[in-house]
A.B. asks: 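One structure follows; several queries about it will come next.
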Amino acid sequence: MAAFGLALSGGGFRATLYHLGVIRYLRDNGTLPLITDISAVSGGSILGAHLVLNWDRYTGDDRAFGEAAAEILRFVQHDVRNHIVRRLPLLFPLRLAAKLTGWHASPFTPNALLERAYRQFLYGDRRLFELPEQPTLHVLSTNVSDGVMAVFNRDGLHIQTRDAGSAASFRHVAGQTASIAKVVSASSAFPGFFPPVEISATDLGVHEGQFPTESFTDGGVYDNLGTRGFSWLVKHCGRTFDRIVVSDAGKPFQILGNAPLGFVAQSIRASDILWDRVWQLERENFGDRNGFLFLPVTQVVDPHDDPHVLHPVVQAEVSSIRTDLDRFSDLEVNALVAHGYEVARSLNRRLGDNALKPVAEGPPWEPLPGRSSVVQRGSQAGGAQHAAGTARTAATNESARIAVLLRRSSQRKVWSTLLDWKDWPTYLYIALAALLFVYLPVRFYKVHRRAEMLTSVIDSIAKGDPDIRIVLDLVESDPFATWRKIEVTEAPAPTPDDFAGLEILSYSRINDLRNAWSGRLGPDSGGRVHFRDRVVLRVTDAARRGRGVVFRNALDIEDVDYRHE
């Protein structure tokens, strides 16, 4: 039997859906059961692992295939990225607590949340040794520790070595108990958003001395096409393949205008150029030779060759759909799947007599028919080129409308989908936002208004009672700047004074004890106590005329401010 390989490239959920369309066509024309090996990277590994674990359903009848595909569709419409983003602020205090207490912080990372989503929606707690022998799945990742390629399959982990002169350029770690969810998360941990995934000897099911903990990241960093997996199988495993189909959903290189780029934009642009150059070198190295057949998402199938294809303007927009792990709409799902189906059929037509199976005719498969259907619209658009009048105009306008909607899909959707009413952290952030932007400003305003009112009341009272104003000045400024010091002396002899006709209207004393507490009270402590007395007197006219001299000698008939030390 001929050895038939399938490579599933990276590219986020866009790649997952595009590959689903390719696999559906291979199933419809009878080629899918012939596949012996699958090499998968990043977004391709999401579908690849689910494909081999549910091989009987994918190769079964339409109902079984639809049930298996529905699990993938439910996952890509779950909005995995924002599900993780909503929990990131809650992970920081947990990681800090874990570091302070010596616990493992790995359960509180974005990778752990991604692995949990894979386990919940797709793979359960399945392990590497549970992968089937036929077809054999090879999940590619990048070893961050050594900067080399790593391959996970049912035999364990294979890591490339740096010694170019060695005959065995891969070292094998027989870790067959690694979780498939963790392996796929290591293959799809896109740098920047997801930190490298740490895999330990415990994760692989080997002894501590057999494998030190190492870090792994997105396999697309080393090879985003998955072709290196087959190169490893041929050169180091002695395998031979008659044909290898490469489903390439890589992002096309975007041409920019002359707009200036900031520092961050320059770094991103340099990374895009580097990745595009690596993609070009991989295509040049393998190309459509040595049994490699490429199915690029950028291909536009001619409607003259296939009357059921989407309109060319729609196909051109499909290749620009974002590569995020966020929620994909029904229209985006149908467009990607249908386009993958059509590109795979186009390759089947080109092969002619060299094809393994005959061409499967008919409209492309779409998983979510209904209002967001693109197959019927695309078929009308393709056949409309040979029609005339109103039918052609209506079909062209409909294709243009779909193209406009898909063009919006090229933009990253973050803020518009950040909150989800079905996810509990949404209500927590709404409560915090209400606290920060509603309750606290209102509370601050009320406190401010109350402070203004109290200040107004105190100022009003202070105008009627100078002592209150003085007390406020003591708190706000230099307490003794305006106080007059009166020396305390002993009188040479007591003076008999007659205070008849003198009335004390008010008497007040301010005691400032603050400086007294700067040290221990005592004769040598240096602490001082300040007093200020205020006396208001009233003198009758008779007393003023008869004893005015006495009063002037005894006491100044005014406010008396003095300080005792």
Side-chain angles (χ1 to χ4, degrees), residues 5-26 35 38-51 69 72-73 75-77 80-81 138-140 184 187-188 190 218-230 244-254 272 275-276 278-280 282-283 286 288 292-301 309-310 314-326 328-329 331-347 364-367 374 406-407 409-410 412:
L6 176 63
L8 304 177
S9 75
F13 282 168
R14 182 182 70 187
T16 302
L17 294 170
Y18 179 76
H19 300 329
L20 181 61
V22 171
I23 289 171
R24 174 66 188 216
Y25 177 78
L26 296 178
I35 295 176
I38 298 175
S39 175
V41 183
S42 190
S45 67
I46 298 174
L47 178 61
H50 192 262
L51 173 64
I72 289 290
L73 299 179
F75 181 66
V76 300
Q77 293 190 314
V80 176
R81 183 200 63 196
H138 311 280
V139 178
L140 306 187
V184 175
S187 178
S188 57
F190 185 79
D218 196 314
V221 174
Y222 193 90
D223 170 29
N224 198 45
L225 292 174
T227 52
R228 290 289 174 177
F230 287 102
I244 300 172
V245 174
V246 181
S247 182
D248 178 14
K251 179 180 180 181
F253 188 74
Q254 182 181 5
D272 289 341
W275 281 48
D276 181 69
V278 171
W279 176 83
Q280 293 179 19
E282 290 296 302
R283 287 295 304 266
F286 294 96
D288 289 329
F292 284 91
L293 302 173
F294 285 82
L295 303 175
V297 71
T298 54
Q299 179 181 342
V300 176
V301 182
V309 297
L310 303 176
V314 177
Q315 296 185 59
E317 297 299 336
V318 171
S319 62
S320 298
I321 293 178
R322 66 197 180 281
T323 59
D324 287 348
L325 301 182
D326 64 338
F328 276 56
S329 67
L331 180 65
E332 294 165 342
V333 169
N334 287 334
L336 282 166
V337 172
H339 187 56
Y341 192 100
E342 295 162 352
V343 173
R345 179 160 56 192
S346 174
L347 173 63
W365 176 71
E366 62 175 352
V374 296
L406 292 179
R407 179 167 296 183
S409 301
S410 64
R412 176 170 285 113

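Throughout, residue positions are numbered sequentially from 1 according to the sequence presented. What you see below is based on every heavy atom in this structure, not just the backbone, and it leaves out hydrogens, waters and symmetry mates.
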A.B. asks: Show the nearest heavy-atom pair for residues Ala338 and Val374, with the distance to one decimal.
C.D. replies: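 Looking at all heavy atoms of both residues, the shortest contact is CB-CG2, 4.2 Å.
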A.B. asks: How close do Thr16 and Val76 get, counting heavy atoms only, and between which atoms?
C.D. replies: CG2-CG1, 4.3 Å
A.B. asks: With rounding to the nearest 0.5 Å, note down the distance linking CG in Asp248 to NE2 in His19.
C.D. replies: 8.0 Å
A.B. asks: Regarding Ser39 and His138, do their side chains bring together a donor and an acceptor under 3.5 Å, going by distance alone?
C.D. replies: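 On atom types as modelled, these side chains do not qualify, holding no pair under 3.5 Å.
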A.B. asks: Does any part of the side chain of Val246, heavy atoms only, come nearer than 4.5 Å to the side chain of Thr227, both counted from C-beta?
C.D. replies: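 Yes, their side chains come closer than 4.5 Å.
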A.B. asks: Where is the tightest heavy-atom contact between Arg14 and Phe328, given as atom of each residue plus distance?
C.D. replies: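 So the two residues come closest at N-CZ, 3.9 Å.
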A.B. asks: So, the side chain of Asp326 versus the backbone of Arg81: is there a donor-acceptor pair under 3.5 Å, distance only?
C.D. replies: no
A.B. asks: Does the side chain of Leu331 reach to within under 4.5 Å of the side chain of Leu406, using non-hydrogen atoms?
C.D. replies: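 In short, these two side chains touch, coming nearer than 4.5 Å.
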A.B. asks: In sequence, state the C-alpha distance, the side-chain angles, and the governing distance for Ser42 and Asp218, and then conclude on side-chain hydrogen bond (donor to acceptor under 3.5 Å, both in side chains).
C.D. replies: CA-CA 6 Å; Ser42 190; Asp218 196 314; 3.1 Å; yes
A.B. asks: Which pair of non-hydrogen atoms, one from Leu347 and one from Leu293, has the smallest distance, and what is that distance?
C.D. replies: CD2-CB, 4.0 Å
A.B. asks: What I'd like to find out is whether the side chain of Leu17 reaches to under 4.5 Å of the side chain of Ile321, using heavy atoms alone.
C.D. replies: no
A.B. asks: Verify, without hydrogens or angle tests, whether Ser346 (side chain) and Glu342 (backbone) share a donor-acceptor contact under 3.5 angstrom.
C.D. replies: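 No, because the side chain of Ser346 does not come within donor-acceptor range (under 3.5 Å) of the backbone of Glu342.
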A.B. asks: Check Ser187 against Val139 and note the closest heavy-atom contact, atom names and distance.
C.D. replies: CB-CG1, 3.5 Å
A.B. asks: Begin with the C-alpha distance, continue with both residues' side-chain angles, and end with the deciding distance and a verdict on side-chain contact (heavy atoms from CB on, under 4.5 Å) for Leu51 and Ile23.
C.D. replies: CA-CA 9 Å; Leu51 173 64; Ile23 289 171; 3.6 Å; yes
A.B. asks: When you measure from the side chain of Arg322 to the backbone N and O of Ser409, does any donor-acceptor pair fall under 3.5 Å?
C.D. replies: yes
A.B. asks: Hey, mind stepping through Ile244 and Leu6 against side-chain contact (heavy atoms from CB on, under 4.5 Å) and telling me if it holds?
C.D. replies: CA-CA 6 Å; Ile244 300 172; Leu6 176 63; over 6 Å; no
A.B. asks: Are the side chains of Val80 and Phe75 in contact, using a 4.5 Å heavy-atom criterion?
C.D. replies: yes
A.B. asks: Which atoms form the tightest heavy-atom contact between Gly44 and Leu8, and what is the distance?
C.D. replies: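 That closest heavy-atom pairing would be O-CD1, 3.6 Å.
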A.B. asks: Can you check whether Tyr25 reaches Trp365 side chain to side chain, under 4.5 Å on heavy atoms?
C.D. replies: no
A.B. asks: Go through Val41 and Tyr222 one step at a time and tell me if the side-chain contact (heavy atoms from CB on, under 4.5 Å) criterion holds.
C.D. replies: CA-CA 10 Å; Val41 183; Tyr222 193 90; over 6 Å; no
A.B. asks: Would you check if Val22 and Tyr341 make a side-chain contact, meaning some heavy-atom pair closer than 4.5 Å?
C.D. replies: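 They are not in contact (no side-chain heavy atoms under 4.5 Å apart), so the answer is no.
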A.B. asks: Stepwise, does the side-chain contact (heavy atoms from CB on, under 4.5 Å) test hold for Leu336 with Phe13?
C.D. replies: CA-CA 10 Å; Leu336 282 166; Phe13 282 168; over 6 Å; no
A.B. asks: Ignoring hydrogens and geometry, is there a side-chain-to-backbone donor-acceptor pair from Ser45 to Ala40 under 3.5 Å?
C.D. replies: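 No: the side chain of Ser45 does not pair with the backbone of Ala40.
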A.B. asks: Using atom types as modelled and distance alone, determine if a side-chain donor or acceptor of Glu332 lies under 3.5 Å from a backbone N or O of Ser329.
C.D. replies: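 Between the backbone of Ser329 and the side chain of Glu332 there is a qualifying donor-acceptor contact (under 3.5 Å).
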A.B. asks: So His339 and Tyr18, would you call those rings parallel, tilted or perpendicular, with 30° and 60° as cut-offs?
C.D. replies: tilted
A.B. asks: Side chains of Ser319 and Thr298: does their closest heavy-atom pair fall under 4.5 Å?
C.D. replies: yes
A.B. asks: Using only atom types and a distance under 3.5 Å, with no angle test, would you say the side chain of Glu366 pairs donor to acceptor with the backbone of Asn334?
C.D. replies: no
A.B. asks: Please check this pair: side chain of Gln315 against backbone of Val301, looking for a donor-acceptor N/O pair closer than 3.5 Å.
C.D. replies: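 It does hold such a pair.
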A.B. asks: Tell me, do Thr323 and Phe190 make a side-chain contact under 4.5 Å, heavy atoms counted?
C.D. replies: no
